[in-house]
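This report refers to the structure that appears directly beneath it.
Any value given below was found using the heavy atoms of this structure, including those in side chains, with hydrogens, waters and symmetry copies removed. Since the structure is predicted, the reported quantities are computational estimates derived from the model, not experimental observations.
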Amino acid sequence: MPNSKEQYKRFIMFLGTVLIVAALTAMYAWLWFTYYGNRNMHLFKKYNYFWNRGNWTIIMLYGLVLVLFMKVLGGFRVGYLRNIDVLYSQILSILATNMVAYLQMALIGKWAFTENMMPMVWLSAIDLTVGVIWILFMRFVYAKLYPPHEMLLIYGDISPKALLYKLQSRDDKYLVRKMVHIREGTDKILKMIPRYESVIIGDIPSHERNLFLKYCFENNVRCYSVPKISDIMITTAAEIDLFDSPLLLFRNQGPTFGQLVCKRAMDIAISLLGCILASPIMLIIAAAIKLYDGGPVFYKQERITKDGKPFLIYKFRSMIVESEKRGARLASEHDDRITPVGRVIRRLHFDELPQLFNVLLGDMSFVGPRPEREEITREYEESIPQFRMRLKMKAGLTGYAQVYGQYNTVPYDKLKLDLTYIERYSLWLDIKLILLTVKILFQKEKSEGVDDSQTTALRNEE
């Protein structure tokens, strides 16, 4: 039976979430009542905009916007994410919420509030301080409530090294005490499972995996499983309840016509606005590249998008001229082809800004699978025949794999991430991924190259 303490863990973490929202909203309420509201009450009386309940409406809206940004960007996910990731999320959420609140106040007071924005600046600074304290406190609570699980890792013919490396990077959550190959036999492994707090099932044949999943379910054992491509399809299938035998419907058609129209309209609006806002930055980058070695500013390369259609992708050149005279290969971790200017713009993902023009022209979408070269795609297909499935949607400047994966994520995992996006597509998911893209600009691991011994993201043990 589950430990009685387990029943209250989620509730305690929920109370922590309520605490931070209440604290930040209360500080905004104090600022509103003591500064902006009182000093400009004549505006409200004159225009009859807000009085009594209206004040509390403003404060409630602040709390709702804060919760929205925190949920989307992961500001509440203490323990689940690394402390630094939660901190990034908190900073972005608080700054975005306070910007929205300030714009709202400016519109309410017909821009009278814009005379002095220092109170909002100070509020943001105090909010961030409170956020850091909350993260440290909740991380301490989380460590007490959720000590790392001692795990049994079950694997098959596919090497578990990559998965083990990822688990070991979060030893605050996962402690793999033993690894066992399925050739040891299902009966022997089933007897081993009760000795551990949780089980993680690697990429093994479905028959054996189902036996372990059912055993863990029957015996209340926490279980993690590496999903197969078919699992991703199953999780997004529609349930049919017309008969006494349940059915799952797989439409396999991708986004509807209406969704595609909305997606294209959003692409045009965002890329056009992005080109205008980013033009000063792009001019500075272009000048820096030209001054460094006198070579071309832009780098053009043929990539493939939906249904394998080729197109020319535009990027700021971050490598030396003729960097691929020895053949096409991905950038490695210590690639000597990358210029000093290139290292800076790659770190900030600014080398991809010219792709806004690709989006505007319709070659790409703002959100979608990362565009690959035809020759690399063919190489991946030799070991992953299903890799071309990701071409069911137009390539994207950002996307599910770009946000939740890394530059050097192995192709099979990239495929699963891209298929997750395709199968779960919605306009809201696009908006969420765009907001999360702002967050990953500050994460170094998102732009790390492949190992120096690799030419593609395929690893030797695969």
Side-chain angles (χ1 to χ4, degrees), residues 1-32 56-98 100-101 123-124 126-151 167 170-175 197-200 216-217 220-225 235 403-404 420 424 426 428-429 431-433 435-436 438-440:
M1 290 295 291
N3 192 316
S4 59
K5 180 182 175 182
E6 184 78 22
Q7 302 176 27
Y8 303 102
K9 288 180 178 179
R10 290 185 179 273
F11 180 68
I12 293 173
M13 296 303 293
F14 172 74
L15 288 180
T17 300
V18 172
L19 175 65
I20 187 64
V21 173
L24 297 180
T25 305
M27 287 189 291
Y28 174 74
W30 177 84
L31 181 67
W32 172 259
W56 292 107
T57 301
I58 289 290
I59 294 165
M60 288 177 60
L61 283 174
Y62 180 89
L64 290 173
V65 172
L66 178 65
V67 170
L68 174 64
F69 279 113
M70 288 281 202
K71 287 284 289 183
V72 170
L73 296 174
F76 295 138
R77 308 189 81 178
V78 177
Y80 182 84
L81 300 176
R82 298 176 305 168
N83 284 353
I84 189 66
D85 292 332
V86 181
L87 180 59
Y88 284 150
S89 301
Q90 290 256 345
I91 291 173
L92 292 173
S93 300
I94 289 170
L95 293 180
T97 301
N98 287 352
V100 171
L123 175 67
S124 299
I126 296 171
D127 284 347
L128 293 175
T129 303
V130 171
V132 170
I133 295 171
W134 179 81
I135 291 171
L136 295 176
F137 172 72
M138 291 305 298
R139 186 65 189 85
F140 172 79
V141 173
Y142 186 93
K144 294 294 183 183
L145 294 176
Y146 297 94
H149 291 158
E150 296 194 350
M151 307 179 73
L167 292 170
R170 290 300 307 272
D171 57 3
D172 59 314
K173 285 179 65 67
Y174 311 109
L175 290 177
E197 294 177 287
S198 61
V199 174
I200 181 162
C216 290
F217 178 81
N220 299 318
V221 176
R222 182 184 291 265
C223 182
Y224 304 82
S225 178
T235 57
V403 168
Y404 293 105
T420 299
R424 296 181 181 178
S426 69
W428 167 244
L429 180 57
I431 295 171
K432 178 180 177 181
L433 291 173
L435 291 173
L436 285 171
V438 178
K439 176 183 172 182
I440 67 170

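The nearest pair of heavy atoms linking Asp127 to Leu24 is OD1-CD2, 3.4 Å. Among all heavy-atom pairs drawn from Gly75 and Val86, the shortest one is O-CG1, 3.6 Å. Across all non-hydrogen atoms, the minimal contact from Ser198 to His149 is OG-CB, 3.4 Å. Of all the heavy atoms in Thr235 and Arg424, the pair that sits closest is OG1-NH2, 3.9 Å.
Inter-residue side-chain proximity for Arg170 and Arg82 is flagged as met; some heavy-atom pair is nearer than 4.5 Å. The shortest distance between side-chain heavy atoms of Leu436 and Tyr404 falls below 4.5 Å. By the 4.5 Å heavy-atom criterion applied to side chains, Tyr62 and Met27 are not counted as neighbours. Contact of the Lys173 side chain with the Tyr146 side chain is not registered, since no non-hydrogen atoms from C-beta on lie closer than 4.5 Å. Using a 4.5 Å cut-off on side-chain heavy atoms (C-beta onward), Ile20 and Val130 make contact. Residues Phe69 and Ile94 have side chains not in contact (no heavy-atom distance under 4.5 Å, counting atoms from C-beta outward). Counting only heavy atoms from C-beta outward, the side chains of Tyr224 and Tyr174 approach each other to under 4.5 Å. You'll find the side chain of Pro148 stays beyond 4.5 Å of the side chain of Asp171, heavy atoms only.
Phe76 and Trp134 have perpendicular rings, their planes meeting at more than 60° on a 0 to 90° scale where under 30° would count as parallel.
For the atom pair CG of Leu145 and CZ of Phe140, the computed distance is 10.0 Å after rounding to the nearest 0.5 Å. The line from CG of Leu95 to CD of Gln90 is 11.0 Å long, rounded to the nearest 0.5 Å. Note that CG of Asp172 and CZ of Arg139 are 4.5 Å apart. Values are rounded to the nearest 0.5 Å. Taken from CD1 in Ile59 to CH2 in Trp56, the straight-line distance is 4.5 Å, to the nearest 0.5 Å. Interatomic distance, Leu435 CG to Ser93 OG, rounded to the nearest 0.5 Å: 9.5 Å. Note that CH2 of Trp32 is 13.0 Å distant from CG of Leu123, once rounded to the nearest 0.5 Å.
Under a 3.5 Å cut-off, the side chain of Glu197 and the backbone N or O of Glu150 do form a donor-acceptor pair. Counting only distance, with no hydrogens or angles, the side chain of Lys439 and the backbone of Leu73 share a donor-acceptor pair below 3.5 Å.
Asp85 pairs with exactly one of Asn83, Leu81, Leu87 by the side chain to side chain contact (heavy atoms under 4.5 Å, CB included) rule, that one being Leu81.
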